[in-house]
Each structure stands twice: as C-alpha cells, then as structure tokens.
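Data block below; observations after.
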Amino acid sequence: MADDAHRRPEGVSDATVEALGSLSKALETTECARGHLFAFHQFTGSADFELDRAVELLRAAGHEDWAERVRTEILGRNVIPGHWTFQIVEAYDRTYYQAFRDLEREAVARLAGGRHHLYEAELKEARRTRNHPDHTSRPDDPD
C-alpha cells in the first residue's frame with residue numbers, strides 16, 4: 001500500500017486523479033524543455049568562448065581579415081534580436097515556466113490535498129507483483 005503522502009484523499013475522484021496526473025506529466029515535459037533550453041544556453045556560450053580561440057588561430061595562420069570578421073560579426077552576437085541566451089532562459093522562466101509550475105502546485109494542493117503523483121502511485125500499486133523483493137510498495141516495506 002502506498003505511503004500516506006501518495007494515498008488518495010477521501011473524496012478525490014478517479015477523473016481528478018487522472019487529470020492531475022496529466023497536468024503533472026505536462027509539467028514534467030516542460031521541465032525537460034527547460035533543460036534543453038539550458039543546454040542551448042550552455043552550448044551557445046561554449047561556442048562563443050571557442051570563437052576566441054578561433055580568432056587567435058586565424059590570426060596566427062595569417063588570416064587577419066577572417067579573424068576580424070569572426071570577432072565582429074559572430075563573437076558576442078545576439079541569438080535573437082536583443083537577446084543573449086540567458087535572457088531567453090529568464091523570459092521563459094518568468095513568462096511560462098513559473099506560471100505553469102505555480103498553477104500545477106495550486107491544483108494539487110486544492111484538488112488532492114497537496115498529495116503529488118497520485119496517478120503514478122496508484123499505477124505502481126496496480127502493476128507491482130506482491131511479495132516480490134523488487135516490487136515493494138515503499139523502500140522500508142518488505143511487503
């Protein structure tokens with residue numbers, strides 16, 4: 001049996017548990033998207049710093065004109081008008097991510113007594129094999 005933090009409160013319907021599960025799944029997908037946005041930020045920043053090396057190497061190879069083009073046209077360039085990647089991450093967090101996260105938390109608090117992952121907890125109980133050592137309900141439960 002699931003621990004109290006993952007046990008459905010009295011009066012919470014199957015439809016509510018399923019809806020909150022879907023809402024949480026959408027938020028988890030958004031968390032992944034946010035992670036990719038941070039990867040975009042990190043990769044773009046790493047590429048920008050590597051351009052310093054490219055400029056030096058182009059100069060050392062006698063290609064001053066190309067070194068200068070890389071330095072002035074690409075190094076430090078906005079990735080979209082007026083924005084570096086950190087600004088995109090900040091805008092995403094402020095405009096979309098935080099609002100989504102807050103709404104999901106409020107929905108779980110008001111509709112399920114603050115109990116997260118009810119859908120998954122009930123799915124785990126339905127799918128686990130009773131009395132199997134790798135299918136216990138909780139870490140401290142021998143079953």
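Just so you know, these numbers come straight off a predicted model, no measurement behind them. One-based numbering along the sequence shown.
A heavy-atom distance below 4.5 Å is found between the side chains of Glu64 and Glu68. Side-chain contact between Leu103 and Arg101 is absent, with no heavy-atom pair separated by less than 4.5 Å. By the 4.5 Å heavy-atom criterion applied to side chains, Arg130 and Glu125 are counted as neighbours. A 4.5 Å side-chain heavy-atom check between Leu111 and Val12 finds every atom pair outside the cut-off. Arg128 is not listed as a side-chain neighbour of His132, based on a closest heavy-atom distance of 4.5 Å or more.
Trp66 and Ile74 fall within a single hydrophobic cluster, where Ile, Leu, Val, Met, Phe, Trp and Tyr side chains are chained together by heavy-atom contacts under 4.5 Å. Cluster membership for Ile80 and Phe38, using ILVMFWY side-chain heavy atoms within less than 4.5 angstrom, is shared.
Scored by the side chain to side chain contact (heavy atoms under 4.5 Å, CB included) test, Leu57 finds Arg53 as partners (sequence neighbours excluded).
Smallest separation of non-hydrogen atoms from Arg34 and Asp93: NE-OD1, 2.6 Å. The minimum heavy-atom distance between Ala99 and Thr95, with the atom names listed, is CB-O, 4.3 Å. Here the closest heavy-atom approach between residue Pro9 and residue Ala112 is recorded as CG-O, 3.3 Å. The nearest pair of heavy atoms linking Leu118 to Arg115 is CG-O, 3.6 Å. Residues Gly82 and Gln87 come closest through the heavy atom pair O-OE1, 3.4 Å.
Phe86 CZ: more than 12 foreign heavy atoms inside a 6.0 Å radius. Residue-environment remark: CD (Gln42) stays at or below the threshold of 12 foreign heavy atoms within 6.0 Å.
Using the six-membered ring where Trp is involved, Tyr96 and Tyr92 have ring planes that are tilted, between 30° and 60° apart.
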Name each donor-acceptor pair under 3.5 Å that joins a side chain in residues 18-29 to protein atoms two or more places apart or in another chain, with its distance.
| residue | atom | partner | partner atom | Å |
| --- | --- | --- | --- | --- |
| Ser24 | OG | Leu20 | O | 3.1 |
| Ser24 | OG | Glu104 | OE2 | 2.7 |
| Thr29 | OG1 | Lys25 | O | 3.1 |

Subject >> Worked verdict on Phe40 versus Ile88 for side chain to side chain contact (heavy atoms under 4.5 Å, CB included) >> reply: CA-CA 10 Å; Phe40 163 71; Ile88 296 169; 4.1 Å; yes
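The existence of a salt bridge linking Arg71 and Glu56 is excluded, since no basic side-chain nitrogen approaches an acidic carboxylate oxygen closer than 4.0 Å. A salt bridge is absent between Asp48 and Arg77: the closest approach of a Lys/Arg side-chain nitrogen to an acidic carboxylate oxygen does not fall below 4.0 angstrom. Looking at Arg8 and Asp14, a side-chain N of the basic residue comes within less than 4.0 Å of a carboxylate O on the acidic one, giving a salt bridge.
Note that NE2 of His135 and CZ of Arg127 are 10.0 Å apart. Values are rounded to the nearest 0.5 Å. Atoms SG and NE2, on Cys32 and His36 in that order, are 6.0 Å from each other to the nearest 0.5 Å. To the nearest 0.5 angstrom, Leu75 atom CG is 14.5 Å from Arg69 atom CZ. The CD atom of Glu122 sits 10.5 Å away from atom CZ of Arg7, with the distance rounded to the nearest 0.5 Å.
Of the possible polar contacts, one joining the His83 side chain to the Pro81 backbone as a donor-acceptor pair under 3.5 Å is found. Under the 3.5 Å distance criterion, the side-chain polar atoms of Trp84 are left unmatched by any main-chain donor or acceptor of Gly45.
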